[in-house]
Structure formats: C-alpha cells, structure tokens
Amino acid sequence: MSFFHWFGYGVIVLCLLLGLSSCEEEKPSSSPQSSVGDAYVEVTPSESKQESTKKDLSEATQLLFHKALKATRLVYASDKDKLSSSGATVTNTAQVRQNQRLNLTWVAEANLSRGFSDLQYDLTEKEGAPLSLPPTSAFGMWLYVEEPQALQSLTLSLSMDKNTVGEDFQKTASGFHQGWNLIRFAGVRRMSENWTIPTWNQVYRLQLSFSCSEETTVQIGPVWAENPDKATILLIEDGGFESFLEEAYPKLIARSIPVTWAMDVEKIGKGQENPLSARITEKEYEKLAKENGNAMNFHGYSGEVTASMTEEELLEDTLQSLDYLLAKGWDKELMWRSAYCQNKAQNAQVSQTLFMATATPNAIYDMTVFPFINPFNVPRFALHDLYPARMETCFQLLKQTHGFLLLYTHGISQDAKRDTTPAILDDFLARCDEGMQEGWLQCSTFSQTLEGNGIPPSSGGEWVTKFFEQMEFLTP
C-alpha cells in the first residue's frame, strides 16, 4: 500500500478509537456556525509574531499587513474609539489575557449583563464624514471568552447610512471556545437567484451585540475589514471533458489563465465515441501539467457520486486518486481537494485531515473570501449558471469586494444544464480581460494563492488561524 493508504487507514482507526469529534477538534469544520451560515469561530492554538511593514500611514487609513492581505482597522480597543454602550461596562486599554498568543498591545474589557448588551462604535471621521473603505471581502475580530457557556451569540452590524443602524450588514456568530476566538464574517453572500451588491465605500457605525445567559466578561481585540489587493477567480474543470480542452482551453492559455483539472481517474480517455462525453486522455493531461501554471487535482477516482459513499468508500476513493496523482508526479496541488462529485459528500470529514482545504461537500453555491471562512466547506459556483444578468452582478461583486470565486464547469456545448455554452464562455472571457486589464482581477490556482500570501503547504485547517495570528496592527 502507498503512504496515503497507510495514513488514511490510520486516520480511520484513530477516529474509531477516540471518536470522530475529538479528531475534528484540530480542524475548523467542527465548530458551530450561525443560522446565516457565513460566520465562523475558531480558537487560536499557537504563538506567532510578525514585524510591521509600514509605519507612516495616516490615522484615517491605519492598516494591518500580512503578505498580500491588507485590512482597515475599525475598532482600536483604546480611547481612540468613539464608543457608547447599553447593558455593558467597557474598560479600554485593559491588560490582555493569554496575550502570548496574539501579542496585542491592549484590548477593551467588557462586563456584559444577562440578556442583551450593545456596544456601538461611531466610525465617522472629520466633520462627520463616514469612514471610507477600499474593496472589502470580509470582516474579522479577535474575542476573548472566559465562560463560553454564558455567551450565546455575537452579532456584528454595520450601517452605511447615518440614519439607519445595523440594516445594511448584520451577521451572527455562536459556538465559542474558552480563550481567544477568531471570528470572521464573509462580506459577500448570494441571496436567492443572484448576489446583493454591497456599498462598502462608506461606513458610519459598527455595533457589537452580545446575547448572554448570565453576566460574564469578554475581551474585545481588534476588529477589521479585510481589503485584498485583487479579486481572484480559481477556474476548475470537473471531470476532464475533451470539449473543454478543445473549445475553452486555447482561449484560456492565450490569456495565461490557469486551469485546475479535477479529473475522474478511472474515466481518463473514456467515451471517445461521443464528443459530449469524451474524456481527456492521459497523454493530454501530461502535456497540460507542464504548461500555463495549470494545477492537477481530482474530482474522484471512480467518478461515481460521492454523496452516498460510506466513510470507507470515500476514503478509499480519495486515496486512490492521490495515489494516481502522486505516481504521475503531480503533487503540487495535493494539499487540497478542488471538487466532490455533484458537490456533495456526507462523510467528507473522514479524509479532511489529509488536506488544508476542500471544496464544499454540502452543495454551497456562492462566492467566498481568502483566507477561507471555513477551509473544509469552500463554496463553489458554476460557470454554466452565469447567465447574462448574473454574470454582470458576479463581476460587479468581484470588483466591489475583491472576493474569491471557485468557478467550475464540465464541457463546452449547448447543454446549458451541465456544460458552459460558447456564448457564456465568451462573455466570461471578455469580463476577465476587462478586470485583468484594469488591474483588480487575477486568475490563480490554490498553490499560487498560498504562495502569494506567504502560506506554506500543510494539512489541517489551523493555517487560517495562524495566518491571522501573525497579523500586526500599527499602533493608533
């Protein structure tokens, strides 16, 4: 057996002995999420520090830096904050608990009442002007919780209009750990058939609302808005269809747009009698692996639906796929899984310890952010579902938020239910041309994204927490 087989079966044995829940404590997917499904809470596990890279920014644009990610600081936890509170007593510049993990200068300590407590921060600048934000993909904060059983939920609300409170952006997190919690909310979310375009260019107020079952004390660290330099599209071809290779790939390689090839190993080279079902051959894959910055990954080994697979079947299918890719020398992208067949796998947790991240096993179709909110449930969206109005909104949203889009399809044909039509492909490429020429859009692979953010390949989901531990704020 290969290394992947021995390691994978060892994971199963360990989980059977200790219980899957204890195995999952080392990865973020086990933590509860809010009802809106876009908040994620994770405790920080280790110590880290990073030197600040810039010291000369004005107060209006105090930023934190970490490789390619910039962010605007919204809450300072100092007397700089214009704070009013209800149901809480707040002490700024308090001594930080367990500070060896985050290296914070100070925090705000809030004594919260039983029931509801609100902290409202006035973010206006000179002469009452709203805080101006660059394209914003997510909002995050550090929160120290001493008594997790007492804190039921935290809601972050933003007002982009001076006459409203919390109506423009409002999202909730729950399921806290004892200690420092990393809390992040995606700033993008698809509503019904289309996305809503946010107006992040101005923010008047930020409110933190706590719901408590009893009196308790928390410490509030920095709160920030994440401002990536560019939006990112990661294009995935599921299944390895010849029609995509023939019709789409020449146009992509001409633009230096890399493709993540998510192959079905046992179906490589099959179906040649039908142009719509014909699969890419091994020889063709060997050529693709050497050019254009392409990434070699997998959709599955057998190509069968993963939704109904047992834990043993899914792990075996995963390990066989990894075996094949490793034997071919295509190991650069094996730190993640780019697809599950039909985007569903009820037993996905059985192989998550093999990866840094996986595409959604829960059929979540949306835009996301990087670093991922939940690295083991990364939303995808179908290129073939981007009809003209939705395509327009999608690229507007990418430009407004600099979000991260895992975009997938199968072949190129007039079968719009499964494949991308030539018209949709041409519309997509024209919009990519415009975004890349204007400088706000890039097309990438997972390994390229990690490298661009200074994140070393690993396994497990703790890399997201470590990434934010290493961010250092400038002193206000």
Side-chain angles (χ1 to χ4, degrees), residues 68 134-137 187-188 190 194-195 197-198 227-241 243-262 288 291-297 333 338-339 359 365-370 372 378-414 416 418-453:
T136 298
S137 62
V188 296
R190 188 165 66 97
N194 214 333
W195 287 279
I197 304 297
N227 314 123
D229 285 334
K230 295 183 179 182
T232 300
I233 293 176
L234 197 158
L235 183 61
I236 303 168
E237 195 284 323
D238 280 0
F241 288 90
S243 60
F244 185 93
L245 178 62
E246 294 173 0
E247 301 296 331
Y249 186 62
K251 299 177 180 180
L252 294 166
I253 194 173
R255 294 166 167 80
S256 299
I257 295 177
V259 178
T260 296
W261 300 95
L288 293 170
E291 64 186 23
N292 196 41
N294 294 325
M296 312 308 287
N297 206 264
E333 295 286 322
S338 59
Y365 305 105
D366 207 346
M367 196 174 293
T368 186
V369 299
F370 189 87
F372 304 132
V378 183
R380 304 202 313 166
F381 202 82
L383 174 59
H384 45 276
D385 284 340
L386 288 179
Y387 53 77
R390 187 181 281 170
M391 182 83 76
E392 173 69 22
T393 305
C394 176
F395 274 82
Q396 285 182 16
L397 186 59
L398 284 169
K399 187 173 184 178
Q400 290 271 5
T401 67
H402 286 186
F404 195 99
L405 182 61
L406 267 64
L407 198 61
Y408 76 95
T409 194
H410 306 103
I412 304 296
S413 76
Q414 295 298 335
R418 190 198 72 168
D419 294 341
T420 295
T421 66
I424 288 179
L425 174 64
D426 289 343
D427 188 12
F428 168 71
L429 293 174
R431 294 176 188 276
C432 285
D433 289 342
E434 181 179 1
M436 291 188 291
Q437 289 168 6
E438 292 178 353
W440 58 264
L441 177 66
Q442 63 186 358
C443 296
S444 188
T445 64
F446 186 57
S447 62
Q448 291 170 3
T449 302
L450 291 178
E451 184 178 353
N453 284 275

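Residue numbers count from 1 along this sequence.
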Review point. Got a sec, which residues hit side-chain contact (heavy atoms from CB on, under 4.5 Å) with Asp426, two or more places apart in sequence or on another chain?
Key: Lys251
Practice item. Mind checking side chain to side chain donor-acceptor pair (under 3.5 Å) for Thr449 and listing every partner two or more places apart, or none if nothing turns up? Key: Ser444
Practice item. With the side chain counted from C-beta on, respond yes when Lys230 and Pro135 share a heavy-atom pair under 4.5 Å apart, and no when they do not. Key: no
Check your understanding: Would a distance-only check, ignoring hydrogens and angles, find a side-chain to backbone donor-acceptor pair under 3.5 Å from Glu237 to Phe241?
Key -> yes
Check your understanding: Is there side-chain contact between Thr260 and Phe446, with at least one heavy-atom pair below 4.5 Å?
Key -> no
Exercise for review: Report the residues that fulfil side-chain contact (heavy atoms from CB on, under 4.5 Å) with Ser447, sequence neighbours left out, ordered by chain and then residue number.
Suggested key: Lys332, Glu333, Met335, Thr445
Point to revise | Rounded distance [0.5 Å steps], CD1 in Ile236 versus CG in Leu407 | key: 8.5 Å
Exercise for review: Would you give the length of the straight line joining atom CG of Leu383 to atom CG of Leu235, rounded to the nearest 0.5 angstrom?
Suggested key: 7.0 Å
Review point. With Tyr249, which residues qualify under ring-ring contact (aromatic ring centres under 6.0 Å, His included), at least two apart?
Key: Trp261
Practice item. Would you confirm whether Asn294, through its side chain, and Pro258, through its main-chain N or O, come within 3.5 Å as a donor-acceptor pair? Key: no
Exercise for review: Search all heavy atoms of Gly403 against all heavy atoms of Met367 and return the closest pair with its distance.
Suggested key: CA-SD, 4.4 Å
Point to revise | salt bridge (charged side-chain N to carboxylate O under 4.0 Å, His left out) against Lys399, all qualifying residues, sequence neighbours excluded | key: Glu438
Review point. Which heavy atom in Gln414 sits nearest to a heavy atom in Pro422, and how many Å separate them?
Key: NE2-CD, 3.5 Å
Point to revise | Side chain Thr393, main chain Met391, donor-acceptor under 3.5 Å | key: no
Check your understanding: Please walk me through it: do Val378 and Phe370 pass side chain to side chain contact (heavy atoms under 4.5 Å, CB included)?
Key -> CA-CA 10 Å; Val378 183; Phe370 189 87; over 6 Å; no
Practice item. Check for a donor-acceptor pair, side chain of His402 on one end and backbone N or O of Ser137 on the other, with a separation under 3.5 Å. Key: no
Exercise for review: Determine, stepwise, if the pair Leu245 / Leu288 fulfils side chain to side chain contact (heavy atoms under 4.5 Å, CB included).
Suggested key: CA-CA 10 Å; Leu245 178 62; Leu288 293 170; 3.8 Å; yes
Point to revise | Under the salt bridge (charged side-chain N to carboxylate O under 4.0 Å, His left out) test, residues paired with Arg418 that sit two or more places apart | key: none
Review point. How far apart are the closest heavy atoms of Phe404 and Leu406, and which atoms are they?
Key: CE2-CD1, 3.2 Å
Exercise for review: Could you tell me which non-hydrogen atom of Ala339 sits nearest to which non-hydrogen atom of Ala262, and how far apart they are?
Suggested key: CB-CB, 4.3 Å
Review point. Passes side chain to side chain contact (heavy atoms under 4.5 Å, CB included), Leu386 versus Phe381? Steps please.
Key: CA-CA 9 Å; Leu386 288 179; Phe381 202 82; 3.6 Å; yes
Check your understanding: Does Ala382 have any side-chain contact (heavy atoms from CB on, under 4.5 Å) partners at least two apart in sequence or in another chain, and if so, which?
Key -> His384, Asp385, Tyr408
Point to revise | Reported CD1-to-CG distance for the pair Ile412 and Asp419, which is rounded to 0.5 angstrom | key: 7.0 Å
Practice item. Would you give the length of the straight line joining atom CG of Asn292 to atom CG of Leu252, rounded to the nearest 0.5 angstrom? Key: 7.5 Å
Review point. Take atom CD in Glu451; do more than 12 heavy atoms of anything else shown fall under 6.0 Å from it?
Key: no
Point to revise | With Asp427 via salt bridge (charged side-chain N to carboxylate O under 4.0 Å, His left out) - residues at least two apart | key: Arg431
Point to revise | Those residues that, when tested against Thr232, pass side chain to side chain donor-acceptor pair (under 3.5 Å) (two or more places apart) | key: Gln442
Practice item. Could you grab the distance from atom CG of Leu234 to atom CD1 of Ile257, nearest 0.5 Å is fine? Key: 12.0 Å
Check your understanding: Any idea which heavy atoms bring Asp366 and Pro379 closest together, and the distance?
Key -> O-CB, 3.6 Å
Revision key, fill the gap. Distance col, row Phe428:CZ vs Ile233:CD1, nearest 0.5 angstrom, shows 4.5 Å
